[in-house]
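All figures in this text were calculated on a predicted structure; none of them were measured in a lab. These values consider heavy atoms only, across backbone and side chains, with no hydrogens, waters or symmetry-generated copies. Sequence lines set the chain letters: A, B, ... in the order given, protein chains first and strands last, and positions in each chain run from 1.
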4 protein chains.
Amino acid sequence: MSPRRRDSASTAAARAGRRTELLATAAEVFASRGYAATTVREVADAAGMLGGSLYYHFDSKEAMVDEILSTFLTDMWAAYDRVTGSGLGARETFHALITESFRMIDRYRPAVVIYQNESKHLAANPRFTYLVESMRRFREMWLSVLDRGVLAGEFRADLDTGLIYRFIRDTVWVAASWYRGDGPLSADEIARQYIVMVLEGITAD
Amino acid sequence: MSPRRRDSASTAAARAGRRTELLATAAEVFASRGYAATTVREVADAAGMLGGSLYYHFDSKEAMVDEILSTFLTDMWAAYDRVTGSGLGARETFHALITESFRMIDRYRPAVVIYQNESKHLAANPRFTYLVESMRRFREMWLSVLDRGVLAGEFRADLDTGLIYRFIRDTVWVAASWYRGDGPLSADEIARQYIVMVLEGITAD
Amino acid sequence: MSPRRRDSASTAAARAGRRTELLATAAEVFASRGYAATTVREVADAAGMLGGSLYYHFDSKEAMVDEILSTFLTDMWAAYDRVTGSGLGARETFHALITESFRMIDRYRPAVVIYQNESKHLAANPRFTYLVESMRRFREMWLSVLDRGVLAGEFRADLDTGLIYRFIRDTVWVAASWYRGDGPLSADEIARQYIVMVLEGITAD
Amino acid sequence: MSPRRRDSASTAAARAGRRTELLATAAEVFASRGYAATTVREVADAAGMLGGSLYYHFDSKEAMVDEILSTFLTDMWAAYDRVTGSGLGARETFHALITESFRMIDRYRPAVVIYQNESKHLAANPRFTYLVESMRRFREMWLSVLDRGVLAGEFRADLDTGLIYRFIRDTVWVAASWYRGDGPLSADEIARQYIVMVLEGITAD
DNA sequence: TATGAATGAGTCTTCATTCAT
DNA sequence: AATGAATGAAGACTCATTCAT
């Protein structure tokens with residue numbers, strides 16, 4: 001390895017690092033102020049640079065959310081696929097998916113908030129068709145788990161699975177809006193309580 | 001009643017009606033596009049008038065959301081107060097509050113969507129401090145019901161009531177984003193299934 | 001005279017009276033807020049009617065200032081012409097013109113304020129060429145008095161009459177901006193002191 | 001000085017220079033068209049840029065007049081304070097204040113025109129309370145000079161000093177509306193003739 | 001890499017004016 | 001004569017984006 005190559009390698013790594021850093025900042029700001037209401041200048045301020053300077057790193061404001069969301073979704077689907085591909089029963093799959101979801105919130109909180117708040121509006125844009133696709137897969141995945149559980153006699157049959165699916169989906173993701181990594185409850189503990197509540201209900205025996 | 005009085009009465013009523021009509025339209029648009037992302041022109045288009053014409057009826061875009069949200073919240077608290085003031089036990093109160101909430105969604109769907117999506121951002125504005133106040137009351141009301149239920153042995157004691165409160169709050173309101181008045185399930189039926197799920201869980205006996 | 005004619009006569013008189021009343025109100029508002037900064041609605045408010053209603057009486061906002069200014073200027077020139085046509089010497093003419101000017105301020109204060117503040121801007125509009133013409137006549141009138149006085153040995157010859165003219169003109173009219181009809185000094189008393197100051201100076205003997 | 005420091009110094013200076021330049025342009029336009037009647041676009045046109053570009057340099061149209069007026073007033077009061085602090089007699093103080101005033105007009109003509117035409121309207125805005133304060137100080141300063149002169153037997157006692165003060169104030173400032181730096185009379189010459197007129201009167205001996 | 005300055009399209013809002021009643 | 005509702009043009013201001021340095 002020539003010094004030149006080592007240099008450019010470390011430069012490329014540094015550049016990638018800077019990019020990731022900037023995206024983390026942007027995600028934080030988009031999540032707290034709302035994507036539409038956030039100005040590029042606000043993101044730049046938070047990153048300690050001037051508005052125009054961001055355009056050296058990204059093509060547009062849209063490109064930033066795009067990268068934030070697609071990075072998160074790619075990782076999320078990898079985790080979900082690992083779960084659904086491991087041949088677990090419905091109840092165990094339910095358990096694992098919920099747990100993974102709260103871990104995602106832990107790891108990608110701002111991205112999840114953006115996903116939750118802006119998906120519907122962004123989805124109208126051709127650039128974000130993958131969001132629509134992701135929502136469709138999400139729905140199918142959950143309905144399949146729920147239906148499997150009902151068939152196996154693990155879940156009640158007198159409830160509308162479409163309705164249950166929506167309740168689960170919403171409650172899980174919306175947790176991103178109040179979750180703090182440094183709060184008293186860990187992501188796994190929250191998942192555990194959530195599972196208890198949904199599976200057994202809050203009624204005392 | 002003299003003709004004069006009937007006239008002015010019908011005029012005032014017509015004016016109030018137009019105002020309500022316009023607010024309903026605005027709420028619909030704000031809910032579907034997002035408040036910040038909605039232009040005044042879009043609201044006006046939906047109402048069949050020009051952008052500037054809205055200002056004959058309202059002081060500002062902000063004044064419109066304000067009226068939409070405060071009208072909804074006033075009615076909502078009247079309903080909640082009726083419930084909490086009627087001396088029911090924790091479980092019955094839980095039941096009644098959930099049912100009322102879904103009825104609110106049925107009656108004020110767009111307002112609830114706006115409340116859900118924009119409250120956090122609007123609350124920073126002094127004009128909307130009543131939102132913060134409403135959120136506080138909401139929290140206290142639910143925590144009191146949950147705590148009462150735990151003490152009475154009606155609800156499980158091994159779950160974090162703060163967490164349960166958040167799950168309930170989010171799931172109930174977020175339902176506004178997919179609820180359609182003309183869907184296959186009525187608001188009361190949705191409430192019923194939701195109550196079953198949360199109280200008894202989805203596990204089959 | 002038939003009753004009909006009497007009726008229409010009194011109606012016409014009433015209409016003219018209302019018009020004058022409205023113009024007086026408009027002049028007051030234009031004078032205090034500035035013509036450009038005054039909205040038609042503000043004038044209407046002051047007159048106790050709605051914005052659109054003024055258009056029953058006047059063609060436009062511009063038509064209002066027009067009538068305000070031309071009425072005032074017509075009366076002013078009638079008074080000035082009476083003075084300059086009465087064969088007085090320079091000093092007496094000076095005296096009389098100043099006195100008449102302060103009387104004008106007394107009678108037409110708001111109109112004078114508008115004239116003072118807006119003439120330059122309005123003059124660009126073809127409708128108001130009479131303002132330019134009036135300013136020209138005004139200048140000629142004063143220069144003629146001053147020149148006549150210098151030639152007659154009544155006024156000092158070592159001062160620039162163009163300059164003196166401007167000082168006189170400005171000070172006289174600008175007085176409209178602070179003059180109150182109910183103040184401690186009458187218009188004639190103010191004129192007297194002004195004449196003393198300009199003719200004899202403020203130095204003690 | 002390192003090149004770095006020279007660079008940043010020249011940059012800062014250039015920025016301040018541009019700002020001053022833009023304010024001079026804005027002042028010219030505000031003075032000739034009137035503040036309320038001037039559009040931001042007109043100012044931008046005169047500066048050779050687009051309307052929105054001005055907002056890179058200034059927060060608002062209001063911020064521009066603010067800076068124009070406060071810069072002028074700061075300098076003006078420095079000059080007046082120098083005069084009143086130098087222990088001159090009333091007559092000499094009178095002389096010096098008038099001279100300084102015309103020099104101000106020479107140096108800040110557009111600002112003075114704006115001050116003269118818009119002060120009353122702007123003063124209602126909390127941002128411009130310093131205008132009210134400045135007017136108060138101005139009045140006190142002149143009354144004190146005039147009263148001192150009367151007591152010392154230098155000025156006539158049979159005139160109302162409040163009236164004289166107003167005449168002086170108005171005439172001096174209103175001169176800004178016709179003064180041209182390139183006219184035949186210098187600021188000092190105009191001041192001299194003005195002083196002669198007011199102190200000795202225009203009557204020939 | 002980042003800055004400073006500018007662009008230009010678009011946003012909210014204002015306001016003179018119109019017109020059916 | 002006056003109201004209520006709307007028009008439409010224009011105005012102040014914002015903001016994503018560009019680009020020379």
| message | Using modelled atom types and a 3.5 Å cut-off, is there a donor and acceptor pairing between side-chain atoms of C:Thr74 and backbone atoms of C:Ser70? | response | yes
In this structure, OG1 of C:Thr38 is separated from CD of C:Glu118 (nearest 0.5 Å) by 8.0 Å
Rounded to whole Å, the CZ-P distance (D:Arg19 to E:dA5) equals 11 Å
> Is there side-chain contact between B:Val113 and B:Phe30, with heavy atoms separated by less than 4.5 Å?
Replying inline: no
Atom CG of C:Asp45 and atom P of F:dT3 are separated, to the nearest Å, by 11 Å
Check: Cation-pi between D:Lys61 and D:Tyr55: NZ/CZ under 6.0 Å from ring centre and within 45° of the ring axis?
Finding: no
Ranking F:dA12, F:dT17, E:dT17 by distance to the side chain of A:Val40, first place goes to F:dT17
Rounded to whole Å, the CG-P distance (B:Leu22 to F:dG4) equals 16 Å
Whole-Å distance, C:Met49 CE to F:dA2 C1', equals 7 Å
* Asked: Are the side chains of D:Tyr130 and D:Leu69 in touch, meaning some heavy atoms are under 4.5 Å apart?
  -> yes
If pairing means Watson-Crick or G-U wobble with both distances under 3.5 Å, then the partner of E:dT14 is F:dA9
Residues in residues 26-39 of chain C with a heavy atom under 4.0 Å of DNA chain E, by number, are C:Thr38, C:Thr39
pair_partner(F:dA1), Watson-Crick or wobble, both distances < 3.5 Å, evaluates to none
Within residues 53-72 of chain C, the residues having a heavy atom closer than 4.0 Å to DNA chain E are C:Tyr55, C:Ser60, C:Lys61
The residue, C:Arg41 or D:Gly51, whose nearest nucleotide of DNA chain E is more 5′ is D:Gly51
Separation of E:dT18 atom C1' from C:Leu50 atom CG, nearest Å, is 14 Å
* To do: Measure the shortest side-chain to side-chain distance between B:Met49 and B:His57 over non-hydrogen atoms and say whether it is less than 4.5 angstrom.
  => yes
